[in-house]
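Below you'll find the structure, written out as structure tokens, and then a few comments.
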Protein chains: 2
Amino acid sequence: MARTSDRAQRAGHAGVSIEDVAAAAGVSTATVSRAVRGLPRVSPATREKILAVAETMGYVASSSASGLATGRTKTIGVLAPFVSRWFFSKAIEGADRELHARQYNLSLFNLGGHGSNRERLFSKTMVYKQIDALLVLCMALTHDEIEHLQKIDIPLVVVGGHVEECPYIGIDDYAAASTAVRHLIELGHRDIALLHGDDETDLNFDVPRVRIRAFKDLMAEAGLDARPEWDERGDFTVPSGQAAFKRLWNRPGPKPSAIFCASDEMAMGVIFEANRAGVRVPEDLSVIGIDDHDFSEAIGLTTVGQRPDEQAELGTKMLLDELDGNAGAVRSTIAPHRLIVRGTTAPPRAAGTSARAAATRAAGTSARAAATRAAGTRDLRGSPAPQAS
Amino acid sequence: MARTSDRAQRAGHAGVSIEDVAAAAGVSTATVSRAVRGLPRVSPATREKILAVAETMGYVASSSASGLATGRTKTIGVLAPFVSRWFFSKAIEGADRELHARQYNLSLFNLGGHGSNRERLFSKTMVYKQIDALLVLCMALTHDEIEHLQKIDIPLVVVGGHVEECPYIGIDDYAAASTAVRHLIELGHRDIALLHGDDETDLNFDVPRVRIRAFKDLMAEAGLDARPEWDERGDFTVPSGQAAFKRLWNRPGPKPSAIFCASDEMAMGVIFEANRAGVRVPEDLSVIGIDDHDFSEAIGLTTVGQRPDEQAELGTKMLLDELDGNAGAVRSTIAPHRLIVRGTTAPPRAAGTSARAAATRAAGTSARAAATRAAGTRDLRGSPAPQAS
DNA sequence: TTGTATGCGTTATCAT
DNA sequence: ATGATAACGCATACAA
């Protein structure tokens, strides 16, 4: 009723409204709405005037109001199990690029580990009705959670890990792991250890298992023995790589001449600990990882690289296209990976073409410097890997 | 007008509304609202019934609608120049903890570096009217940007970097840097190089400069020479640390026996490159950083640690308390830092108590293993540092 | 091209 | 304790 006094009261509350602008510009709110959103049906003259007024008044639309009116929040959610690990922080970065370029907001949901605030996130007020689409980062999800997500009925895509019935973007883990193992085998290694990342929970997360399978398949194919005592488990982190190396080297018996790590961080852990134990890389032990972590080049780590940022960016683009009415824009896609040979892999000492290894050992004093290198100086940049299946 | 058909049409649109629940429960929307929010004025009986109905119907309030009604979005914004660097990803993690524990959402705004999409973020529809408060992470801000932020008039706090006129949470950079340099000096080093992170833009970001000042003050205090040719500039990243080491060692003339790096990542770059060049750490070169990066323990890096996650968590808590009506909850606070002595620092070879250094050199074969270590094995866990000013 | 009117789903005020 | 009902600020058919 007391329209005027209401308005006056509100004034200090949430800034200038579209009505204020309309009044100041001498037009209706409808016209202002069209003008500020760049819609067609408004004359150049009035548009200019409105824009000017809006600018000076510092008008910016209330997202709540327009969200309520349109039914869209203009923000997409990003679900991540961690944010400070390489894959995830890179993916978030990539999603953000695409999002903000298209005027969307990024709402981050960190499901630290397994327990805690998970349920709340899925079942309660969060996630749901706050976002227009959801980008899931390489998560181990329970069946209930998956069901929940699908019931929400918004565009959804998962990056970096398979989830049943959900569109997926990521590298071909089997092919990537195979590429790494093949590199080792071709170098002449026969005694190859495996450092995988399977935590054997019942969660839906088969990335580790696929990499394990690739390892075993290739070993078998080459007629090599995948010794159970060289089968180590980690959790994709540096400390778990360190621990694995220690277990491997403290155990009596023969040592592997190479180790395939399911992630670069674990590979780094192995390398750091090997250095500390006086085991030379790659002379005594070749190490290869998967990822191409930010630090890998500096360390000289040979790896099979992938680009989580680009994967997430692509996933986000699909989501946004879908929201733009482009039905079917979200489609499972295999992202590229490529072998990047650097300094942590070399032929085994005892093996076939031991020329280089022998030379290194025989080089006397200078060998010391060579051995000191956490990473070799060779830097043969990665040749593109065969893109499998 | 045709109310019923409207409702039918809407049905598939955005899920079940409060009105649907009210109807199903045989009460008014007002009561439902109170019930689901746990507000007082509703009888236990009806509350229980409403909650049950809401549960089975899968009701969840529209954030847009309640945002419009209350004027609060229940989300706070986090402004970061990077998301995949240690400090920031950790800080985001910390903010997220507190936020989601208190039912708030986290909206991430990544302002990549200096140029690019900065303006859009500040002046346009983003940030503003989408969030209830803002957490700024260690940003280099222009004066215009600062002004802009303050005009928005929402609770604001910056973590990890000073911004004029803004409440601030972070370590005492001067004290932290002093602690690091003092450690080196007390070890007997006289030839100390500096690797700082100042990019000398005109932006408001004095963290690097404060650390530089601390270095120079302490050197002067100890009567030591801060040689200009040992004053290197980096950008807090590993590669910049590598580059700095190379410049230092490629230059003719005497070499420093220790180097103080303004970040752990730069320190790692130095270490990796030193290994590659056959310069032994800490025998030939002591290295100390600031941060206590996730990888620092594995590498054995001596450093002055800080906890960005806790800093951000505290900042977030303050913001939320302020929003909860607790005026004055946001206050500048100094966060703790502590010296963590690990394996990359030791007395200089030529210096006073050269017992250990000499022993290492004389150890023959075993010295080789020692030299191989990217990091020493000593792992004296950090004694708490004197908390300065 | 521009304006009018109504709906969006909640919250909050004021009765009852 | 519960129920009408008026905002909230914007978008959008529909009318002009």
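All chains are named by letter (A, B, ...) in the order of the sequence lines, taking the proteins before the strands, and each is independently numbered beginning at 1.
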Discussion item. A quick test of your reading: do over 12 heavy atoms of other residues, nucleotides or ligands sit less than 6.0 Å from CD of B:Q150?
Written reply: yes
Item to complete: Taking only Lys NZ, Arg NE, NH1 and NH2, and the carboxylate oxygens of Asp or Glu, determine whether A:R102 and A:D321 approach each other closer than 4.0 Å.
Response: yes
Do any N or O atoms of the protein come closer than 3.5 Å to N or O atoms of nucleotides 3-5 of chain D, and which pairs are they?
from  : atom 1 : to    : atom 2 : distance (Å)
D:dG3 : OP2    : B:S28 : N      : 3.0
D:dG3 : OP2    : B:S28 : OG     : 3.2
D:dG3 : OP2    : B:T31 : OG1    : 2.7
D:dG3 : N7     : B:R34 : NH2    : 3.0
D:dG3 : O6     : B:R34 : NH1    : 3.3

Worksheet entry | B:L68 CG - D:dG9 C1' separation (whole Å) | 5 Å
Worksheet entry | Euclidean distance, atom CD1 of residue A:I50 to atom P of D:dA11 [Å, nearest integer] | 13 Å
Worksheet item: Taking DNA chain D as the partner, which of residues 35-46 of chain B come within under 4.0 angstrom of it by heavy atom?
Response: B:R41, B:V42, B:S43, B:T46
Discussion item. Please report the distance, rounded to the nearest Å, between NZ in A:K49 and P in C:dT2.
Written reply: 12 Å
Item to complete: Provide the closest heavy-atom pair for A:G160 versus A:C138 in the form atom of the first, atom of the second, distance.
Response: O-SG, 2.9 Å
Discussion item. Given the ring of B:F87, does B:R85 sit roughly above its face, with NZ or CZ under 6.0 Å from the centre of the six-membered ring and within 45° of the axis?
Written reply: no
Worksheet item: Between the main-chain N or O of A:L323 and the side-chain N or O of A:R72, is there a donor-acceptor pair closer than 3.5 Å?
Response: yes
Discussion item. I'd like to know if the side chain of A:K90 and the backbone of B:S84 have a donor-acceptor N/O pair within less than 3.5 Å.
Written reply: no
Discussion item. So, applying side chain to side chain contact (heavy atoms under 4.5 Å, CB included) with A:V32, which one of A:V42, A:L51, A:I50 is it?
Written reply: A:I50
Worksheet item: How many Å lie between CD on A:E19 and P on C:dA5, as a whole number?
Response: 13 Å
Worksheet item: Would you say A:S33 reaches D:dA11's phosphate, i.e. side-chain N/O to OP1/OP2 under 4.0 Å?
Response: yes
Worksheet item: Distance-only, no hydrogens or angles: does the A:T31 side chain make a donor-acceptor pair with backbone N or O of A:V27 under 3.5 Å?
Response: no
Discussion item. What is the separation between atom CZ on B:R72 and atom P on C:dG9, rounded to the nearest whole Å?
Written reply: 24 Å
Practice prompt. Return the value, rounded to whole Å, for the distance between atom CD of B:Q130 and atom P of D:dG9.
Written response: 15 Å
